[in-house]
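Being a predicted model, the structure only gives us computed values, none of them experimental.
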Amino acid sequence: MTSTRKALRATGPARLGPVRLGLALTGLALLAACSGPGADTTTATTDTGAAQAPTGDLRVAVISHGTAGDAFWNVVKNGATDAGKQLGVTVDYNSDGDPGRQSTLIDNAVSQKVGGIVVSMANPDALKTSIENAVKAGIPVITINSGSDKSASFGAMAHVGQEESVAGEEAGRKLKEAGKTKLLCVIHEAGNVGLNQRCDGARTGFGGTVTNLQVDINNPTDVESRIKGALQTDPSMDAVLALNPQVAVSSVNAVKGAAAKASVATFDLNADVTAAIKAGDVLFAVDQQQYEQGYLPIVMLKLYRDNANTVGGGKPVLTGPGFVDKSNVDKVAEYAARGTR
């Protein structure tokens with residue numbers, strides 16, 4: 001462990017690129033695990049006044065805007081709970097797609113005096129007061145997934161996720177390179193700023209005609225019907241960009257139902273999407289590696305509690321975008337099937 005610590009001190013999070021940062025965090029996780037319940041966490045007291053490391057369980061509340069049964073957020077939850085088990089951290093996971101009720105979950109966590117809060121911000125302004133109150137109460141907050149531009153101003157110590165506009169731009173560019181000229185971008189949650197940023201980015205990267213379509217992910221039958229209707233209304237639409245794995249499946253069904261020639265691409269992964277990529281029904285998936293969005297904040301909060309470490313230097317810790325297509329889907333599918341991609 002001594003050589004590992006020396007290596008980390010020599011590099012430092014501020015000097016690491018995105019790939020190196022991920023490796024460093026993995027190493028930090030191992031270090032944090034060594035100070036878990038089964039290890040000797042006593043720090044010798046010297047005449048310099050070195051303090052004993054904090055003792056007792058760390059309890060973290062993870063509060064997402066995911067809706068019930070959303071495969072994407074199940075993977076985030078798996079990441080958080082896996083990290084908790086490995087590091088001896090108690091993780092309470094709750095989610096609610098309504099920003100008002102999500103704020104209440106944050107307020108409840110503050111009243112319970114948890115040791116840290118991890119929160120996704122699909123609707124940042126609705127959560128602002130609750131997050132600021134958590135920070136005022138001395139509870140470290142890490143934001144994930146959405147709302148990176150508001151994270152620091154609300155007092156959060158870090159943000160973990162991908163830059164949605166950048167990811168959207170890259171997705172649009174890949175569709176353009178595939179020869180597509182008319183794109184339907186399907187937004188499945190009203191008021192989610194991250195989804196609008198994805199479509200705006202896709203519009204920049206695509207260069208052709210981009211039309212947004214608003215649907216409700218809680219009504220899969222209607223999602224498929226609306227996409228099918230849009231394709232039938234405009235047969236020249238040759239690409240559909242879904243922003244969620246479940247919507248991707250509905251998009252594939254809609255294309256087939258409309259006898260359309262449109263190609264489907266999507267954000268995010270699950271086993272259905274990897275199967276669709278293998279079958280040629282989906283061109284590619286933008287992978288933001290949401291398992292890391294659950295896992296890394298638990299590591300970061302434990303390091304902060306035990307060693308006053310921070311990560312990111314005030315900049316977002318990026319987990320994407322990566323891309324999964326036929327060239328790498330076989331390997332990724334193995335992990336998606338077990339709920340970690």
| field | same_hphob_cluster(Leu241, Val247) at 4.5 Å side-chain heavy-atom cutoff | value |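 No, no single cluster joins them.
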| field | Same apolar cluster: Val110 and Val91, side chain cutoff 4.5 Å | value |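 No, it is not one cluster - the side chains of Val110 and Val91 are not joined through contacts under 4.5 Å.
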| request: Please round to the nearest 0.5 Å and tell me the distance separating atom CG of Leu105 and atom OG of Ser95. | output: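 Answer rounded to 0.5 Å: 8.0 Å.
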| query | About how many Å separate CD of Glu292 and OG1 of Thr340, when rounded to the nearest 0.5 Å? | reply |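 Going from OG1 on Thr340 over to CD on Glu292, the span is 10.5 Å.
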Considering only NZ, NE, NH1 and NH2 on the basic side and carboxylate oxygens on the acidic side, decide whether [X] and [Y] come within less than 4.0 Å.
X	Y	value
Arg338	Glu334	no
Glu177	Lys174	no
Asp268	Arg341	no

Kindly indicate whether the side chain of [X], heavy atoms from C-beta on, has any atom under 4.5 Å from the side chain of [Y].
X	Y	value
Asp325	Val329	no
Phe267	Pro321	no
Val249	Gln246	no
Ile142	Met300	yes

Within the 3.5 Å criterion, strictly below it, is a donor on [X] or [Y] matched to an acceptor on the partner's side chain?
X	Y	value
Thr266	Asn244	no
Thr209	Lys182	no
Ser148	Glu163	yes
Gln293	Asn145	yes
Asp107	Ser130	yes
Gln162	Glu164	yes

| Would one find more than 12 heavy atoms of other residues, nucleotides or ligands at under 6.0 Å from atom CZ of Phe72? |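 Yes - once you tally the heavy atoms of other residues, nucleotides and ligands closer than 6.0 Å, there are more than 12.
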| said: For Lys150, is the NZ atom crowded, meaning more than 12 foreign heavy atoms sit under 6.0 Å from it? | reply: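 Counting other residues, nucleotides and ligands, NZ of Lys150 exceeds 12 neighbours.
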| query | Can you tell which of Val264, Asn253, Val186 makes a side chain to side chain contact (heavy atoms under 4.5 Å, CB included) with Ile227? | reply |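 Running side chain to side chain contact (heavy atoms under 4.5 Å, CB included) over Val264, Asn253, Val186 with Ile227 returns exactly one hit, Val186.
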| request: Pick out which of Leu175, Leu283, Leu231, Val282 makes a side chain to side chain contact (heavy atoms under 4.5 Å, CB included) with Val240. | output: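 In the set Leu175, Leu283, Leu231, Val282, the residue that makes a side chain to side chain contact (heavy atoms under 4.5 Å, CB included) with Val240 is Leu231.
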| Centre of Phe206's six-membered ring, under 6.0 Å away, within 45 degrees of the axis: is that where NZ or CZ of Lys180 sits? |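 The answer is no; the distance or angle limit is not met.
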Atom pairs and distances, donor-acceptor, side-chain atoms in residues 75-82, under 3.5 Å, two or more places apart:
residue	atom	partner	partner atom	Å
Asn78	ND2	Asn74	O	3.4
Asn78	ND2	Gly339	O	2.9
Thr81	OG1	Lys77	O	2.9
Thr81	OG1	Asn78	O	3.2
Asp82	OD2	Tyr291	OH	2.7

| said: Strictly distance-based, threshold 3.5 Å: is any side-chain N or O of Gln102 a donor or acceptor partner for the main-chain N or O of Asn123? | reply: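 Answer holds: no.
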| said: Between Ser151 and Gly147 (side chain of the first, backbone of the second, donor and acceptor by atom type, cut-off under 3.5 Å), is there such a pair? | reply: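 Flag not set: sc Ser151 to bb Gly147 has no pair under 3.5 Å.
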| query | Who pairs with Glu132 by side chain to side chain donor-acceptor pair (under 3.5 Å), at least two apart in sequence or on another chain? | reply |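 So Glu132 forms a side chain to side chain donor-acceptor pair (under 3.5 Å) with Lys128.
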| query | Quick one: side chain to side chain donor-acceptor pair (under 3.5 Å) partners of Asp222, sequence neighbours excluded? | reply |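 Here the qualifying residues are Arg226.
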Could you list the donor-acceptor pairs under 3.5 angstrom formed between side-chain atoms of residues 270-277 and any protein atom two or more places apart in sequence or on another chain?
residue	atom	partner	partner atom	Å
Asn270	OD1	Asp272	N	3.0
Asn270	OD1	Val273	N	2.9
Thr274	OG1	Ala271	O	2.8

| Connected-component partners of Tyr335 among ILVMFWY, side-chain separation under 4.5 Å |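 Cluster partners of Tyr335: none, it stands alone.
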| request: Output the rest of the hydrophobic cluster of Val193: all Ile, Leu, Val, Met, Phe, Trp and Tyr residues reachable through side-chain heavy-atom contacts under 4.5 Å, sorted by chain and number. | output: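 Noted: Val193 shares its cluster with no other residue.
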